[in-house]
Amino acid sequence: MPMTTVKPMTMTLSDLTRQTGLDVLDHLEMDVAIPVLAGPQAQGDLLIVPFDDLAGAVTVPEWARWRPVPPDGVEVLRGGAGGNPHTLVAEPHTCRWTEDVGDLENLALGVLWADHPVHLMHPEHGGSGIAPGTYVIRRQREGRGRTTGRVQRMYVYD
Amino acid sequence: MTHPTPPTRGALRTAADARRDALDTVRRAIRIRDEWIDEGLSALPADRPAAEAAISELYTRVRRPVPRFVWVPSPAAATDAGVSARPTLPPRFDALPRHRDDWPTAGLIAAQYARLGYRIGEVVSLRRRRYGTYLFDPWRTDAPEQAVRQGTDAMLVVSRAVIPALTRTVRDSVLVPLRDLLNSEGGDPSGYSCFGQHGVHQVGAYDLWRRSGLLRFRPEESEALDVWTALARSCGWWWPGDEVCVVSERPVEVRAEPAPDGGRRPHSLDGPAVRYADGWGFHAVNGTRVPEWVITDPTPERIAAEPNIEVRRCAIERIGWDAYTEAAGLRLVGAAPDPGNPGSELRLFDLPSDTWGTPARLLLAVNGSLERDGTRRRYGLTVPVDLPDPVAAAAWTYGLGPDQYARLQRRT
């Protein structure tokens, strides 16, 4: 698996905000190119993992409803204090998203498929570039007790 | 005479039309909900004439003479208002007098309110059963508009994703803490009280069903609801007595922040989040009711003695995770560089189970992105106790294996 796919044209945060109309906090670096990566990467309380890395744990049933990512993006998860959403944005007709996924760990928010680089945006965390491919977006959890058997779990809202 | 054009039905409507209509309905419902959230958190002085008129109307409806009104600054002040309107015990059904004429007024008003709730609740649950609930992921309650775009029925989205935010905002994070507080202070919350602005999780929700066009009401129900919504818009809690009705003012200060579900939650880092004119109220951080010391003077000793985990977490975040682990003398299990987050370290601590209950470890991680002041925020997560090292612990929080997490390329 190639670790990094270099796309001829990289985007900066200011390009992204201009294209999507989504705002980010002004103290983030706006003019640094956002790396487009094919490996796992984290954005706050979310993790983007290549689908193949989780083969077996995460499954997409045949009847899953895939939908194109609209121009204003898909809110993958709305954050905690301040209600900041993680938004998946893509050029038209380049990315599809489904929330019909099965996850043994119950952490997957959905699966995305893209044939062009797409981005996940968050007002506080900036942007994450995602190379073409199929990925799972998972959220973060906390827990107590032991990893096997009964664990008290809760989701993290960053 | 020309006939009016019949409304177009069925054949000409496409699925896209239906979805657009559903989206409009849900947007309208969200607007109405936010309106009611504002009412529930309102800190304006009570509209006394409106409240008294509405309560009088209710008394008239149950054929009782209009009471004398006693206004108090807060619900806590109602119990020592020194009036005989001290709440009567809730009438147990089998203990009620045989004839309604002998019932206490509170019982009659309670019955009237319950009837309103039954009628509407019945219709809602019937509709819900008919549409089924299988099309909606229950945890995806944060994006109602997306659910509609995916084809979920508007009614279902409203009941599962729009109204719960109102309930959580007003009932769970304001009404319940206030009742707890009243209980713990030895007040007398056992009597029948009506909650005025803090009852909007019911009254406001009924109004939402009505105004969004999702439910049609009978005229008499609609009129009855009007009286209750007028009360929710004009005053705080009130206690219907036979001769005297005690009515509370609204708080003078309510500080809240947006909550992830689209509602709001009480939050204030300086002073009480909800405060009445007589000083009664409570402190809250991110929606959790906390004792005053969490805001004014959080110390490791107090944190160690605090039984409530949520409260403890709020207090720790006030002094900072690093300062806490140091001051509390937590044992460091291990530290490792955070993959994908250059220059940052993951640290794993043992949590003493005598104060933290279920055995667990504490993982301290550092945010991938900068705060406004140029620092990176450190945050703590509890993880199961059998995770051997920090990377395995961090991996577990995302459901990964340590080697998978070690390949993390970037964290923002």
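Everything quoted here is computed from the prediction, not taken from an experiment. Numbers restart at 1 for each chain; the letters A, B, ... are given by sequence-line order, proteins then strands.
Judged by a 6.0 Å distance limit and a 45° cone about the ring axis, B:Arg313 is not positioned over the six-membered ring of B:Trp321.
Aromatic ring orientation, A:His86 versus A:His122: tilted (interplanar angle from 30° to 60°).
Looking only at heavy-atom pairs under 4.5 Å with chain A, the residue among B:Val383, B:Leu363, B:Asn341 that has the most is B:Val383. Per-residue heavy-atom pair counts under 4.5 Å with chain B were compared for A:Leu25, A:Leu47, A:Ile48, A:Leu28, and the maximum is reached by A:Leu47.
Only the side chain of A:Leu107 comes within less than 4.5 Å of a heavy atom in chain B; its backbone stays farther off. Residue contact with chain B, scored on non-hydrogen atoms closer than 4.5 Å, involves the backbone of A:Leu46 exclusively.
Contacts of B:Arg347 classified as salt bridge (Lys or Arg N to Asp or Glu O under 4.0 Å), with partners at least two apart in sequence or in another chain: B:Asp322.
With hydrogens and angles left out, the side-chain atoms of A:Gln43 and A:Ser128 include a donor and acceptor closer than 3.5 Å.
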